[in-house]
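Every heavy atom of this structure was used, including side-chain atoms; hydrogens, water molecules and symmetry mates were not. All of these numbers come straight from a predicted model, not from anything done at the bench.
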Amino acid sequence: QVRLVESGGGLVQVGGSLRLSCAASGNTFSIAAMGWYRQAPGKQRELVADINGIGRVVYADSVRGRFTISRDNAKKTVYLQMNSLKPEDTAVYYCRITLSVVSTTTYWGQGTQVTVSS
């Protein structure tokens, strides 16, 4: 009932930038949190950045100062501006959105590959 469409991934050189977008559609009546997670080869999926339903922003220590998360509630879209990219940023990036009506329901995008070459 909810579709998440991600875009913006790709191959960049060290120090480059990418901007990821994730647009939600469907039965998105009460979006609470909107954020990004990533999973590198051989590692667990980890939080990158998140904005909760009351505007609280959380960043992973590894990306703070380099990445910026933002959201457009009218467009139901969350963005991740990634600057000064490092090889260790290479991962599949997943959009995550939670809907809060009575309880919280979580939806994930299919993921978009980000590769940073050295």
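Under the disulfide (SG to SG under 2.5 Å) criterion, no residue pair touches residues 24-90, with sequence neighbours excluded. Screening residues 39-83 for disulfide (SG to SG under 2.5 Å) gives no qualifying pairs among residues at least two apart or on separate chains. Note on residues 106-115: pairs passing side-chain hydrogen bond (donor to acceptor under 3.5 Å, both in side chains), not counting sequence neighbours, are Gln1-Tyr107, Gln113-Thr115. Pairs passing the side-chain hydrogen bond (donor to acceptor under 3.5 Å, both in side chains) check and including a residue from residues 41-53, sequence neighbours excluded, read Arg38-Glu46. Sequence neighbours left out, not one pair with a member in residues 57-94 passes ring pair (Phe, Tyr, Trp, His ring centres under 6.0 Å). Residue pairs meeting the disulfide (SG to SG under 2.5 Å) criterion with at least one member in residues 81-118, sequence neighbours excluded, are Cys22-Cys95. Here side-chain hydrogen bond (donor to acceptor under 3.5 Å, both in side chains) pairs that include residues 19-37, with residues two or more places apart or in two chains, are Thr28-Lys76.
Ile97 and Val5 are assigned to two separate hydrophobic clusters, defined by single-linkage of ILVMFWY side chains at heavy-atom distances under 4.5 Å.
Checking side-chain atoms of Glu6 against main-chain N and O of Gly111 turns up a donor-acceptor pair under 3.5 Å. The backbone N or O of Thr104 lies less than 3.5 Å from no partner atom in the side chain of Thr98, so there is not a single donor-acceptor pair.
In this structure, CD1 in Ile69 is found 12.0 Å from CD in Gln81, a value given to the nearest 0.5 Å. Separating the CG atom in Asn73 from the NZ atom in Lys75 is a distance of 12.0 Å, to the nearest 0.5 Å.
Checked against side-chain hydrogen bond (donor to acceptor under 3.5 Å, both in side chains), Thr68 has no partners two or more places apart in sequence or in another chain. Residues passing the side-chain hydrogen bond (donor to acceptor under 3.5 Å, both in side chains) test with Arg96, sequence neighbours excluded: none. Partners of Asp61 according to the side-chain hydrogen bond (donor to acceptor under 3.5 Å, both in side chains) rule, which considers only residues two or more places apart in sequence or in another chain, do not exist here. Not counting sequence neighbours, the partners of Arg66 by the salt bridge (charged side-chain N to carboxylate O under 4.0 Å, His left out) test are Asp89.
Counting all heavy atoms, side chain and backbone alike, Ile31 lies closest to Ala24 at CD1-CB, 4.3 Å. When all heavy atoms of Ser17 and Asn83 are compared, the closest pair comes out as OG-OD1, 2.9 Å. Across all non-hydrogen atoms, the minimal contact from Ala40 to Thr90 is CB-O, 3.6 Å. Between Pro87 and Ser118, the shortest heavy-atom distance links the atoms CG-CB, 4.0 Å. Closest of all the heavy-atom pairs between Ala49 and Leu80 is CB-CD1, 4.2 Å. Nearest heavy atom pair, residue Arg71 against residue Ala32, reads NH1-O, 2.8 Å.
Looking at Thr105 and Val2, their side chains never come closer than 4.5 Å, going by heavy atoms from C-beta outward.
Residues Val101 make up the rest of the hydrophobic cluster containing Val102, defined by ILVMFWY side-chain heavy atoms closer than 4.5 Å, directly or through other members.
A side chain to side chain contact (heavy atoms under 4.5 Å, CB included) with Met82 is found for exactly one of Leu20, Val12, Val116, namely Leu20.
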